[in-house]
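Data first, discussion second: the structure below is written as structure tokens.
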There are 2 protein chains.
Amino acid sequence: MIDFDGPTPLYVQIADVIEARIRDGELLPDRPIPSENQMVQEFGVARGTARKALELLRARGLVVTVVGRGTFVARSAD
Amino acid sequence: MIDFDGPTPLYVQIADVIEARIRDGELLPDRPIPSENQMVQEFGVARGTARKALELLRARGLVVTVVGRGTFVARSAD
DNA sequence: GGACATTTGTGCGTATGTATT
DNA sequence: CAATACATACGCACAAATGTC
């Protein structure tokens, strides 16, 4: 699922995977996406890498992060 | 007691201290070990660091954690 | 039943250091 | 040098489980 040896940064690949899940309706608006720790588990990366993926998803306007609660699919991203 | 400047991670040092107390019989089987907050006080570290020490002790099979109650010396660890 | 304190679980924000490319 | 990635460590906020009163 993730290419550790390819030229594409891991955090970009992870963000693309999450975006695909939102596009596919696998992750729904106002619902939480995988937490940083869950991404660490699922993708086998460091927390900092998972955080960079979230940062990218926020920049794309796909998710909204609430401190102390988690990151959720943006309502505008259906 | 804890070397904040050395190369050994704080959570490893703390786990080692607790393990020594178990080995010495200072902490007895089925009895609670210091809570996370008590470790924060005693060792002057963040809660996350105390939690990583506990995680290590669980991996070593020395303690067992019960949600809402605390962490106890494993019966098998005398 | 309710209120409260204690303890662990979870999640994110931030900073620093190291290594590799 | 810059970007990527990992590890360590601090902090804050909230939830869940437990126990006591």
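Residue numbers begin at 1 in each chain, while the letters A, B, ... track the order of the sequences. The basis for the numbers below is simple: all heavy atoms, side chains too, and nothing from hydrogens, waters or symmetry mates.
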(request) Provide the start and end nucleotides, 5' to 3', of the part of DNA chain C that has atoms under 4.0 Å from heavy atoms of chain B. (result) C:dT7 to C:dT10
(message) Please report the distance, rounded to the nearest Å, between CZ in A:R51 and P in D:dC6.
(response) 14 Å
(request) Nearest whole angstrom, please: distance from the P of D:dT4 to the CD of A:E55. (result) 10 Å
(message) Within residues 34-43 of chain B, which residues have any heavy atom lying less than 4.0 Å from an atom of DNA chain D?
(response) none
(request) Could you list the residues that satisfy side-chain hydrogen bond (donor to acceptor under 3.5 Å, both in side chains) with A:N37, not counting sequence neighbours? (result) none
(request) Within residues 8-21 of chain B, find the residues that approach DNA chain D with a heavy atom at under 4.0 Å, and present them sorted by residue number. (result) B:P9, B:L10, B:Y11
(message) Using whole Å, what does the distance between atom C1' of nucleotide D:dC14 and atom CZ of A:F72 come to?
(response) 11 Å
(request) Tell me, please, which residues at least two apart from B:D30 pass salt bridge (charged side-chain N to carboxylate O under 4.0 Å, His left out). (result) B:R75
(request) Considering only Ile, Leu, Val, Met, Phe, Trp and Tyr, and joining two whenever side-chain heavy atoms are under 4.5 Å apart, list the other residues clustered with A:L28. (result) none
Show the distances under 3.5 angstrom between N or O atoms of the protein and N or O atoms of nucleotides 17-21 of chain D.
none

(message) Taking 4.0 Å as the cut-off, does a side-chain nitrogen or oxygen of A:K52 come that near to OP1 or OP2 on D:dA5?
(response) no
(message) A:Q41: which residues meet the side-chain contact (heavy atoms from CB on, under 4.5 Å) condition with it, sequence neighbours left out?
(response) none
(message) Holding to salt bridge (charged side-chain N to carboxylate O under 4.0 Å, His left out), I want the full list of residues that pass it with B:E42, two or more places apart in sequence or in another chain.
(response) B:R21
What side-chain donor-acceptor pairs closer than 3.5 Å can you find for residues 47-57 of chain B, not counting sequence neighbours?
{"residue": "B:R47", "atom": "NE", "partner": "B:E36", "partner atom": "OE1", "Å": "2.6"}
{"residue": "B:R47", "atom": "NH2", "partner": "B:E36", "partner atom": "OE1", "Å": "3.0"}
{"residue": "B:R51", "atom": "NH1", "partner": "B:E36", "partner atom": "OE2", "Å": "2.7"}

(request) Could you tell me which non-hydrogen atom of B:P32 sits nearest to which non-hydrogen atom of B:L27, and how far apart they are? (result) O-CD2, 4.2 Å
(request) Could you say whether A:R47 or A:A50 is positioned toward the 5' end of DNA chain D, judged by the nucleotide with the nearest heavy atom to each? (result) A:A50
(request) For residues B:P29 and B:I22, determine if any side-chain heavy atom of one lies less than 4.5 Å from a side-chain heavy atom of the other. (result) no
(message) Quick one, B:I33 and B:M39 - any side-chain contact, counting heavy atoms below 4.5 Å?
(response) yes
Less than 3.5 Å apart, which donor and acceptor atoms pair up between the side chains of residues 62-73 of chain A and the rest of the protein, not counting sequence neighbours?
{"residue": "A:T65", "atom": "OG1", "partner": "A:R58", "partner atom": "NH1", "Å": "2.9"}
{"residue": "A:T65", "atom": "OG1", "partner": "A:T71", "partner atom": "OG1", "Å": "2.9"}

(request) Determine the contact category for B:G48: base if any of its heavy atoms lies under 4.0 Å from a base atom, sugar-phosphate if only primed atoms, P, OP1 or OP2 are that close, otherwise nothing. (result) nothing
Only distances under 3.5 Å count here; give the side-chain donor-acceptor pairs of residues 4-13 of chain A to other protein atoms, sequence neighbours excluded, each with its distance to 0.1 Å.
{"residue": "A:Q13", "atom": "OE1", "partner": "A:D3", "partner atom": "N", "Å": "2.7"}
{"residue": "A:Q13", "atom": "NE2", "partner": "A:D3", "partner atom": "O", "Å": "2.8"}
{"residue": "A:Q13", "atom": "NE2", "partner": "A:T8", "partner atom": "O", "Å": "2.8"}

(request) Work out which heavy atom in B:G61 is nearest to a heavy atom in B:S76; give both atom names and the distance. (result) O-OG, 4.2 Å
(request) State plainly whether the residues B:R23 and B:D16 are in salt-bridge range, i.e. N to O under 4.0 Å. (result) no
